[in-house]
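Remarks on the structure that follows.
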Amino acid sequence: MGTRRVLITGCSSGIGLAVAARLAKDELRRFKVVATMRDLNKRGPLERAAGDSLNKTLEIKELDACSEESIRECVNSLPDRRVDILVNNAGVGMIGPLECQSISDMKELFDTNFFGLARLVKELLPDMKRRQSGHIVVMSSVMGIQGLLFNDVYSASKFAVEGFCESLAVQAMKFNIKMTLVEPGPVVTEFERKVYEDADKMDLSGADEETVKIFREVYIPYSKKIFASLGQTPEEVAEETLQVITAKEPPLRHQTNRLYMPLTALKHADPTGRLPLDTFYKMTFNHDRLFNASLGVLRLLQRKSKKL
Ligand SMILES: NC(=O)C1=CN([C@@H]2O[C@H](COP(=O)(O)OP(=O)(O)OC[C@H]3O[C@@H](n4cnc5c(N)ncnc54)[C@H](OP(=O)(O)O)[C@@H]3O)[C@@H](O)[C@H]2O)C=CC1
Ligand SMILES: CC1=C(/C=C/C(C)=C/C=C/C(C)=C/C=O)C(C)(C)CCC1
């Protein structure tokens, strides 16, 4: 197979940046990377990460996932409009009590996380169908499989992404187009910093005292603990994305964090939904005993798997 052109969205930081740099530095030079971001003033970190590959195997272009014009302009600027692999990565988070979130903020989140994907796929799918080849790789999340308290809207957007891809995958297969949902658990990036910062600024007066207490005193500290103990680096997710892209038979779903898998598996073990619900409830509200004990076990497992 010759060099494949990969278009990646949201490359100003985090996972998108790491995937772009990793693919551009591929030892076998299998990729031509079109690393895109909505604000080119933020290109500095990517340029530094790309190093020698900049303007060789990696070029930087502007693309705003919320604008059809911006997407079309970017795709039209490519030779033959050819994109062999789309890595739809641009996304935003949002945490907090639902009562304190406006419908317009929710729509904005969906505009990026779900409609951003729909816009890109609409633009690229007809060409991929004509060529009878292509791979659509989508940065979903474990929250696209299993919801999490105070992440109602974010999780809903990732469920939307999952339903969209799962539905489309059957038709895509008929045209020899592959689809993969990459499902990371917590990853230490700007995403984490931004959601805590937004939560700090959030006006919580719309929620009752008990809800605010659970959010501030239970959810936030435990979420921080989870990021610190189970969080992957964006480079680890980039490595897994490379594996997915180069696989002979790419999977429809790929979870990147083995330590989070017991939590996503609960859903498939009980069709009534009771098992994941009870487990998440217990982990959240009986956290001091059960939660800290399980964190200890997970840390041990992580240390062991790093040694292997
Ligand atoms: N971090 C985590 O724990 C996890 C993240 N994910 C998913 O991974 C993806 C990447 O997140 P991550 O790297 O962690 O977070 P970052 O905040 O570091 O990166 C998000 C990227 O998306 C870009 N972006 C946001 N809105 C748009 C838009 N309208 N058009 C183009 N780009 C846009 C941001 O650009 P800008 O700098 O201009 O805002 C930034 O480059 C997201 O889809 C996220 O949901 C999934 C699981 C876990
Ligand atoms: C609070 C809490 C948890 C936290 C999980 C977190 C914080 C997951 C973050 C995932 C992210 C950020 C995905 C992004 O797409 C657990 C372990 C489920 C147990 C129940 C209580």
Side-chain angles (χ1 to χ4, degrees), residues 8-20 35-46 61-67 70-71 74 87-95 108-117 119-120 138-151 154-155 157-158 161 181-197 214-215 218-235 237-238 241 255-257 259-260 262-264 266 276-277 279-287 290-291 294-295 298:
I8 310 168
T9 63
C11 297
S12 68
S13 67
I15 299 171
L17 183 155
V19 172
T36 70
M37 57 185 75
R38 60 176 162 176
D39 179 0
L40 288 176
N41 292 319
K42 291 191 179 172
R43 59 196 291 153
L46 175 62
K61 285 186 181 277
E62 188 177 317
L63 185 151
D64 180 351
C66 294
S67 155
S70 163
I71 292 171
C74 179
V87 180
N88 188 92
N89 163 78
V92 288
M94 176 153 116
I95 56 171
E108 219 172 89
L109 181 136
F110 264 79
D111 201 25
T112 309
N113 292 9
F114 174 68
F115 290 106
L117 169 67
R119 286 185 192 97
L120 271 141
V138 180
M139 225 26 91
S140 175
S141 165
V142 289
M143 275 195 244
I145 308 170
Q146 170 65 55
L148 180 65
L149 77 165
F150 295 120
N151 282 269
Y154 174 73
S155 174
S157 76
K158 293 298 186 184
V161 161
L181 289 150
V182 179
E183 300 164 326
V187 185
V188 182
T189 65
E190 288 296 294
F191 181 95
E192 190 197 4
R193 189 190 57 73
K194 284 182 233 171
V195 289
Y196 295 146
E197 198 179 285
I214 298 167
F215 179 54
V218 179
Y219 177 76
I220 298 272
Y222 280 96
S223 166
K224 286 185 177 168
K225 266 194 196 173
I226 291 291
F227 270 94
S229 55
L230 300 190
Q232 288 184 298
T233 62
E235 289 73 25
V237 178
T241 306
Q255 289 183 51
T256 67
N257 195 330
L259 296 178
Y260 208 94
L263 288 171
T264 49
L266 294 170
L277 184 58
T279 309
F280 274 66
Y281 185 89
K282 283 192 192 117
M283 286 185 87
T284 307
F285 296 110
N286 301 347
H287 50 272
L290 191 103
F291 193 81
S294 50
L295 261 189
L298 288 173

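Computed from a predicted structure; not experimentally measured. Just so you know, ligand 1 is whichever comes first in the structure, and atom 1 is the first atom listed for that ligand.
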Compute the minimum heavy-atom distance from G231 to ligand 1 and say whether it is under 4.0 Å.
no

Applying side-chain hydrogen bond (donor to acceptor under 3.5 Å, both in side chains) to S223 and not counting sequence neighbours gives Y196

Given that the side chain starts at C-beta and the backbone is N, CA, C, O, which of these parts of D111 lies under 4.0 Å from ligand 1, counting heavy atoms, or is it both or neither?
neither

Option whose closest heavy atom lies nearest to atom 25 (C) of ligand 1, chosen from K42, M37, E190, R38
R38

Per-atom contacts, ligand 2 versus S141 - under 4.0 Å to a heavy atom
13 (C), 14 (C), 15 (O)

Is M143 close enough to touch ligand 1? Criterion: a residue heavy atom under 4.0 Å from a ligand atom.
no

Tell me, please: is T9 in heavy-atom contact with ligand 1, that is, under 4.0 Å?
no

Go through ligand 2 atom by atom and flag the ones less than 4.0 Å from a non-hydrogen atom of Y154.
14 (C), 15 (O)

shortest atom 47 (C) of ligand 1-to-protein heavy-atom contact is with P184 O, 3.5 Å

Selection from G93, G144, S141, G185 by shortest heavy-atom distance to atom 4 (C) of ligand 1
G185

I need the single residue from L120, L63, D64, V87 that forms a side-chain contact (heavy atoms from CB on, under 4.5 Å) with T36. Which is it?
L63

From L40 CG over to K61 NZ, what is the distance, rounded to the nearest 0.5 angstrom?
10.0 Å

G91 neighbourhood, listing ligand 1 atoms whose heavy-atom distance to it stays under 4.0 Å
20 (C), 22 (O), 42 (C), 43 (O)

Give, for atom CD1 of I145 and atom OG of S155, the distance between the pair rounded to the nearest 0.5 Å.
10.0 Å

Protein contact to atom 30 (N) of ligand 1 [nearest heavy atom, distance to 0.1 Å]
A65 N, 2.9 Å

Under 4.0 Å to a heavy atom of F227 - the qualifying atoms of ligand 1, by number:
3 (O)

Interfacing atoms of ligand 1 (cut-off 4.0 Å, heavy-atom, T189)
1 (N), 12 (P), 13 (O), 14 (O), 15 (O), 18 (O)

Report yes or no: does a heavy atom of N88 sit under 4.0 Å from some atom of ligand 1?
no

Contacts of E108 that satisfy salt bridge (Lys or Arg N to Asp or Glu O under 4.0 Å) - sequence neighbours left out:
none

Closest to atom 18 (C) of ligand 2 (judged by heavy-atom distance), picking from F227, Y222, F280, F150
F280

Would V195 and Y154 count as a side chain to side chain contact (heavy atoms under 4.5 Å, CB included) here? Give the steps.
CA-CA 11 Å; V195 289; Y154 174 73; over 6 Å; no

For the residue pair Y281 and F285, categorise the inter-ring angle as parallel (less than 30°), tilted (30 to 60°) or perpendicular (more than 60°).
tilted

With a 4.0 Å cut-off on heavy atoms, does P234 reach ligand 1?
no

Any idea which atoms of ligand 2 are less than 4.0 Å away from a heavy-atom of T284?
20 (C), 21 (C)

Among V182, V187, V195, V138, which one puts a heavy atom closest to atom 3 (O) of ligand 1?
V187

For atom 42 (C) of ligand 1, find the nearest protein heavy atom and state the residue, atom name and distance (0.1 Å precision).
N89 O, 3.2 Å

Which protein heavy atom lies closest to atom 44 (C) of ligand 1, and at what distance to 0.1 Å?
Y154 OH, 3.6 Å

Could a heavy atom of S67 be found less than 4.0 Å from some atom of ligand 1?
no

In the protein, which heavy atom is nearest to atom 23 (C) of ligand 1, and how far is it?
G10 CA, 3.7 Å

Among all the protein's non-hydrogen atoms, which is closest to atom 32 (N) of ligand 1, and how far away is it?
A90 CB, 3.4 Å

Tell me, which protein residue and heavy-atom name are nearest atom 46 (C) of ligand 1, and how many Å apart are they?
S140 O, 3.1 Å

Once you round to the nearest 0.5 Å, how far does CG of L148 lie from OG1 of T284?
7.0 Å

Could you walk me through whether N113 and S157 pass side chain to side chain donor-acceptor pair (under 3.5 Å), step by step?
CA-CA 6 Å; N113 292 9; S157 76; 3.2 Å; yes

To the nearest 0.5 Å, how far apart are CG in L46 and CD1 in I8?
8.5 Å

So between G14, A18, S13, A35, whose heavy atom ends up nearest atom 16 (P) of ligand 1?
S13

Identify whether the distance between the nearest side-chain nitrogen and carboxylate oxygen of E190 and R193 falls below 4.0 Å.
yes

I'd like to know whether ligand 1 has P186 as a neighbour, heavy-atom separation below 4.0 Å.
yes

So the atoms of ligand 1 within less than 4.0 Å of a heavy atom of C66 turn out to be 29 (N)

Numbering the atoms of ligand 1 from 1, which are under 4.0 Å from a heavy atom of M139?
8 (O), 9 (C), 43 (O)

Carefully, step by step, assess T264 and Q255 under the rule side chain to side chain contact (heavy atoms under 4.5 Å, CB included).
CA-CA 9 Å; T264 49; Q255 289 183 51; 2.9 Å; yes

Can you confirm, on distance only, whether ligand 1 has an N/O atom lying under 3.5 Å from any N/O atom belonging to V92?
no

Atoms of ligand 1 close to D64 [distance to a heavy atom under 4.0 angstrom, numbered from 1]
28 (C), 29 (N), 30 (N)

If you count the atoms of ligand 2 from 1 in the order shown, which ones are under 4.0 Å from a heavy atom of S223?
7 (C)

Logged contact type for N151 with ligand 2, heavy-atom cut-off 4.0 Å, is neither

Below 4.0 Å from any atom of ligand 1, is there a heavy atom belonging to T112?
yes

Criterion side chain to side chain contact (heavy atoms under 4.5 Å, CB included) on I71 and T9, from CA distance to verdict
CA-CA 10 Å; I71 292 171; T9 63; over 6 Å; no

Look at atom 41 (O) of ligand 1 and say which protein heavy atom is nearest, naming residue and atom and giving the distance to 0.1 Å.
S12 OG, 2.7 Å

